[in-house]
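Because the structure is predicted, anything quoted here is derived from the model rather than measured. Atom set for the values below is all heavy atoms of this structure, side chains included, hydrogens, waters and symmetry mates excluded.
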Amino acid sequence: MEVFKKAYALALELHRVSRKFPKSEQYELAQQLRKSTKSIPANIAEGMGKQESKADVRRFMRIAVGSCDESRVWLEFAKDLGYISAAEHDKYDRRYREIGRMLQGIIKRYGGSSI
């Protein structure tokens with residue numbers, strides 16, 4: 001599934017990036033960013049793996065959308081604190097907006113309305 005591949009690759013990339021944040025941020029911002037980014041592919045996998053009902057798939061995709069939005073907030077903090085450049089932030093933000101749109105498409109495909 002393309003959205004899973006994109007979300008997984010981006011989570012790996014941001015895990016590596018966040019390891020370069022200052023030591024004082026490793027248990028704060030970096031950890032929050034790693035958790036939210038990894039939550040996206042995990043929820044996609046769980047939702048598509050179970051597929052017990054359309055409602056279940058939609059629920060997991062909505063959770064993934066929420067984690068996508070959360071990741072975008074942590075990236076904004078990372079930019080504003082000087083841990084990533086504005087160009088890096090924009091690149092990652094664009095990718096998360098694309099993933100969010102893809103997830104919204106899955107939600108619609110499974111009979112839900114987009115958020």
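Here the closest heavy-atom approach between residue Arg58 and residue Tyr110 is recorded as NH1-O, 2.6 Å. When all heavy atoms of Ser18 and Arg34 are compared, the closest pair comes out as OG-NH1, 2.9 Å. Residues Ile40 and Ala7 come closest through the heavy atom pair CG2-CB, 3.7 Å.
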query: Which is it for Met1 and Lys5 under the side chain to side chain contact (heavy atoms under 4.5 Å, CB included) test, yes or no, and what are the steps along the way?
result: CA-CA 6 Å; Met1 183 169 218; Lys5 290 177 188 176; over 6 Å; no
Worked verdict on Glu76 versus Lys79 for salt bridge (Lys or Arg N to Asp or Glu O under 4.0 Å): CA-CA 5 Å; Glu76 189 75 22; Lys79 178 191 69 149; 3.1 Å; yes
query: Passes salt bridge (Lys or Arg N to Asp or Glu O under 4.0 Å), Glu13 versus Arg95? Steps please.
result: CA-CA 12 Å; Glu13 187 174 339; Arg95 290 167 71 185; 2.9 Å; yes
task: Let me see the working for Ile99 and Val65 under side chain to side chain contact (heavy atoms under 4.5 Å, CB included), right down to the final yes or no.
output: CA-CA 8 Å; Ile99 290 166; Val65 168; over 6 Å; no
query: What do the steps show when you test Ile107 against Gln104 for side chain to side chain contact (heavy atoms under 4.5 Å, CB included), and what is the final call?
result: CA-CA 5 Å; Ile107 292 167; Gln104 293 293 354; 3.8 Å; yes
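Looking at heavy atoms from C-beta onward, Phe21 lies in side-chain contact with Gln26 at the 4.5 angstrom threshold. Using a 4.5 Å heavy-atom cutoff, the side chains of Leu14 and Leu10 are in contact. Contact of the Glu25 side chain with the Glu28 side chain is registered, since non-hydrogen atoms from C-beta on lie closer than 4.5 Å.
In Tyr8, the OH atom is not crowded: 12 or fewer heavy atoms of neighbouring residues, nucleotides or ligands sit closer than 6.0 Å. Around NZ of Lys35, the count of heavy atoms belonging to other residues, nucleotides or ligands within 6.0 Å does not exceed 12.
Atom OG in Ser39 sits 7.5 Å away from atom CD in Glu70 (nearest 0.5 Å). Taking OH from Tyr83 and CG from Leu33, the interatomic distance works out to 12.5 Å, rounded to the nearest 0.5 Å. Interatomic distance, Gln32 CD to Ser71 OG, rounded to the nearest 0.5 Å: 10.0 Å. From Tyr92, atom OH reaches atom CG of Leu75 across 8.0 Å, with rounding to the nearest 0.5 Å. For the atom pair OH (Tyr96) and CG (Leu103), the distance works out to 11.0 Å, reported to the nearest 0.5 Å. Going from atom OG1 of Thr37 over to atom CZ of Arg72 covers 14.5 Å, rounded to the nearest 0.5 Å.
Using a 4.0 Å cut-off between charged side-chain N and carboxylate O, Asp90 and Arg94 make no salt bridge.
Among Asn43, Ile44, Val3, Asp56, the single residue meeting the side chain to side chain contact (heavy atoms under 4.5 Å, CB included) criterion with Met61 is Ile44.
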